[in-house]
Number of protein chains: 2
Amino acid sequence: MTSSRKISRPRSAPLHESDLNPWTICKKNTVYENPWIKVDHHEVIDPKGLPGIYGTVHYKHTAIGIVPLSDEHETWLVGQYRFPLNTYSWEIPEGGAHKSETPLEAAKRELREETGLLAKNFEYIMEMHLSNSTSDEKALVYIAHGLTEGPSAPESTEDLQIKKIPFAKALEMVLAGEITDAISVAALLKTAHLLSSGSLLIKKAT
Amino acid sequence: MTSSRKISRPRSAPLHESDLNPWTICKKNTVYENPWIKVDHHEVIDPKGLPGIYGTVHYKHTAIGIVPLSDEHETWLVGQYRFPLNTYSWEIPEGGAHKSETPLEAAKRELREETGLLAKNFEYIMEMHLSNSTSDEKALVYIAHGLTEGPSAPESTEDLQIKKIPFAKALEMVLAGEITDAISVAALLKTAHLLSSGSLLIKKAT
């Protein structure tokens with residue numbers, strides 16, 4: 001069990017060359033598709049040269065998350081019932097980018113629709129792959145500042161609650177495990193890091 | 001567009017009561033299943049009372065992530081080709097918990113298999129839902145310390161590289177967008193927060 005380790009391509013830097021893919025796809029067929037996801041079943045040869053299967057979930061829309069941050073370091077959380085989890089979840093404003101819009105346009109739209117907020121500035125802070133053992137789902141996160149409050153207009157399927165709280169309280173909710181949505185957890189932790197390290201040019205109003 | 005906001009259940013705290021689920025399932029059928037995931041298609045009535053569909057991905061195994069942390073504040077990253085993304089990815093040690101083991105047992109096994117590390121202490125630090133618009137996938141993360149290095153033994157399908165680097169360098173990789181795996185991003189940011197706030201009882205050896 002201890003001697004089977006194989007490091008066939010020793011390198012110290014990340015690899016991105018597609019020809020280094022150690023998987024071979026023998027057969028692929030789409031087993032499910034709807035407007036949001038496509039599920040493919042693959043027959044493969046795995047990195048060790050053995051036959052196997054691999055089911056993947058392709059996401060048709062990039063996930064967008066926004067951390068709105070007021071001059072007083074307040075933020076806004078969105079509460080909604082998450083159907084796949086069968087539970088209620090408090091999160092940062094999030095949504096999927098439409099095919100006709102850029103990620104930044106989607107961030108502006110989602111923030112306005114879910115919270116009514118307009119922002120003078122959107123600062124891109126991170127990209128994540130949410131579940132890379134199975135899916136290609138990507139999330140992009142922005143901090144929105146220079147905020148003006150207006151009326152919200154959620155999508156027809158959404159039944160949302162909104163709350164405005166101190167950013168420090170949102171961070172406490174992450175640390176206490178009260179926020180578990182991965183985009184929200186990572187986005188709020190990264191925003192906290194940027195604020196505490198002085199990397200974010202949003203000074204708290206005094 | 002601005003008057004359609006509906007807040008039917010105003011509350012200030014998270015809701016967890018399952019009877020508050022605003023979705024009605026009219027019909028459900030499983031469209032794909034393999035040893036790791038099950039995909040279900042639902043015909044639903046959405047929170048606004050309109051008919052729709054919902055495809056969900058159920059994960060059969062809880063994802064486990066481990067941040068190994070030496071007395072000198074070094075950590076270990078695992079590099080592997082991620083089939084669904086068609087790209088190489090550097091991450092914290094991760095894996096799926098078997099049905100026969102507890103999450104902690106899985107954390108111990110995955111850490112040993114992927115890195116060869118044995119740890120005296122495992123500290124649970126977070127739970128996340130990785131992609132709650134579509135899936136029920138859950139991740140649990142531990143910090144492992146009191147480490148002893150031994151031989152590794154990855155699973156047969158894995159073709160891994162391991163590198164031991166200062167924790168500060170791993171955090172830099174997150175901040176620079178060189179690590180994008182959501183579990184790794186959130187786990188490393190949370191560990192950094194715990195270290196900088198003094199909440200983690202792992203003092204750096206001097």
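Keep in mind the model is a prediction, meaning the values are calculated, not measured.
- The part of V39(A) that comes within reach of chain B is its side chain, from C-beta onward, which places non-hydrogen atoms under 4.5 angstrom from that chain.
- Of all the listed residues (M128(A), H193(A), R82(A)), the one sharing the greatest number of non-hydrogen pairs under 4.5 Å with chain B is R82(A).
- For chain B, the nearby parts of H41(A) are the backbone and the side chain; heavy atoms of each come within less than 4.5 Å.
- Contact count versus chain B (heavy atoms, under 4.5 Å) is highest, among S133(A), G49(A), G52(A), for S133(A).
- Each of L189(A), L85(A), D181(A), I179(A) has some count of heavy-atom pairs under 4.5 Å with chain B, and the biggest count is that of L85(A).
- At least one donor-acceptor pair closer than 3.5 Å links the side chain of D136(A) to the backbone N or O of Y59(A).
- Annotation: maximal heavy-atom pairing with chain B below 4.5 Å, among Y32(A), W36(A), F83(A), Y54(A), occurs at F83(A).
- Contacts between T180(A) and chain B at a heavy-atom distance below 4.5 Å involve backbone atoms as well as side-chain atoms.
- Contacts of S196(A) with chain B are absent, with no heavy-atom separation under 4.5 Å from either backbone or side chain.
- Note on V57(B), I165(B), T134(B): by heavy-atom pairs under 4.5 Å with chain A, the leading option is T134(B).
- We find that K164(A) and E72(A) are not joined by a salt bridge, their nearest charged nitrogen and carboxylate oxygen being 4.0 Å or further apart.
- Side-chain contact of Y88(B) with Q161(B): a donor-acceptor pair under 3.5 Å is present, judged by distance alone.
- If you tally non-hydrogen atom pairs under 4.5 Å between each of N132(A), T56(A), V31(A) and chain B, the highest count goes to N132(A).
- Comparing A182(A), A187(A), A192(A), A139(A) by heavy-atom pairs within less than 4.5 Å of chain B, the highest count is held by A182(A).
- Counting only distance, with no hydrogens or angles, the side chain of S70(B) and the backbone of E74(B) share a donor-acceptor pair below 3.5 Å.
- Options I25(B), L171(B), N34(B), L130(B) differ in how many heavy-atom pairs under 4.5 Å they form with chain A, and the most are formed by L130(B).
- Checked by atom type, the side-chain pair E105(A)/S100(A) shows no donor-acceptor distance below 3.5 Å.
- Contact tally against chain A (heavy-atom pairs below 4.5 Å) for D40(B), L175(B), L77(B), L188(B): the top residue is L175(B).
- In this structure, the portion of V174(A) lying under 4.5 Å from any heavy atom of chain B is its backbone and not its side chain.
- For chain A, the option among K138(B), H58(B), K190(B) with the highest count of heavy-atom pairs below 4.5 Å is K190(B).
- With values rounded to the nearest 0.5 angstrom, H61(A) atom NE2 is found 7.5 Å from H98(A) atom NE2.
- In this structure, a donor-acceptor pair under 3.5 Å is absent between the side chains of E137(B) and S135(B).
- To the nearest 0.5 Å, atom CD1 of residue I64(A) and atom CD of residue E101(A) are 8.0 Å apart.
- Looking at T191(A) and T75(A), their side chains never come closer than 4.5 Å, going by heavy atoms from C-beta outward.
- No donor-acceptor distance shorter than 3.5 angstrom exists from the side chain of Y124(B) to the backbone of V141(B), with no hydrogens or angles considered.
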